[in-house]
Amino acid sequence: MSTSEIATVLAWHDALNSSDLDTLLALSSDDIEVADPDGAGQGINALREWASTAGLTLVPGRMFVHEGVVVVEEQRTVAVRPDESTTTAAAFRVVHDRVTSVFLHKDLASAFDATDLTEEDAVS
């Protein structure tokens, strides 16, 4: 387990949740892949557009790590319904302390299926 991968993903969440686009972009690779249930995009411009318009707050919970892949169980809140949150998950690939991809999943099981991580990869 790499603590730098965990730190990168937590800092990425903080930047997204505080709308700190400069930090979010600095923590991301130039060719980052971003995907959510509504579609996918690639590159810094796609990330900037997604982060600026998604209206999401993602509060990290349990984390799972293996060989540069970090799966995070999250409480997801959408700006248009701030009093409602759902438990979802996101899968991150981190290389050299930069997020190279982030895929939002409907739940932890879907993120595990997409990454081959399991409960055994839990961060204690």
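What's counted below: heavy atoms across the whole structure, side chains too, no hydrogens, waters or symmetry copies.
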Which value, rounded to the nearest 0.5 Å, describes the distance between [X] atom [atom1] and [Y] atom [atom2]?
X: Asn45; Y: Ile32; atom1: CG; atom2: CD1; result: 12.5 Å
X: Lys106; Y: Thr88; atom1: NZ; atom2: OG1; result: 12.0 Å
X: His13; Y: Leu24; atom1: NE2; atom2: CG; result: 10.5 Å
X: Glu67; Y: Thr115; atom1: CD; atom2: OG1; result: 11.5 Å
X: Leu10; Y: Glu5; atom1: CG; atom2: CD; result: 12.0 Å
X: Asp31; Y: Arg98; atom1: CG; atom2: CZ; result: 9.0 Å

Shared ILVMFWY cluster between [X] and [Y], side chains joined below 4.5 angstrom?
X: Phe103; Y: Leu117; result: no
X: Val69; Y: Ile6; result: no
X: Val123; Y: Val94; result: yes
X: Val78; Y: Val72; result: yes

Is there a donor-acceptor pair under 3.5 Å between the side chain of [X] and the backbone N or O of [Y]?
X: Arg76; Y: Thr87; value: no
X: Asp36; Y: Gly39; value: yes
X: Gln42; Y: Glu33; value: no
X: Thr100; Y: Arg93; value: yes

So, using side chain to side chain contact (heavy atoms under 4.5 Å, CB included) as the criterion, who are the partners of [X] when residues are at least two apart?
X: Asp14; answer: none
X: Glu119; answer: Arg62, Phe64, Leu108, Phe112
X: Ala111; answer: Val71, Ala89, His105

Determine, step by step, whether Leu56 and Leu104 satisfy the side chain to side chain contact (heavy atoms under 4.5 Å, CB included) criterion, reporting the C-alpha distance in whole Å, the side-chain angles of both residues, the deciding distance to 0.1 Å, and the verdict. CA-CA 11 Å; Leu56 292 179; Leu104 302 183; 3.8 Å; yes
To check you understand the geometry: which heavy-atom pair defines the closest contact between Ser29 and Ile44, and what is its length? O-CD1, 3.5 Å
Determine whether Met63 and Phe92 make a side-chain contact, defined as any pair of heavy atoms from C-beta on separated by less than 4.5 Å. no
Here's a test for you: under side chain to side chain contact (heavy atoms under 4.5 Å, CB included), which of Leu21, Leu58, Leu47, Val102 qualifies with Leu16? Leu58
No-hydrogen, no-angle side-chain donor-acceptor test under 3.5 Å, Ser110 and Asp113: no
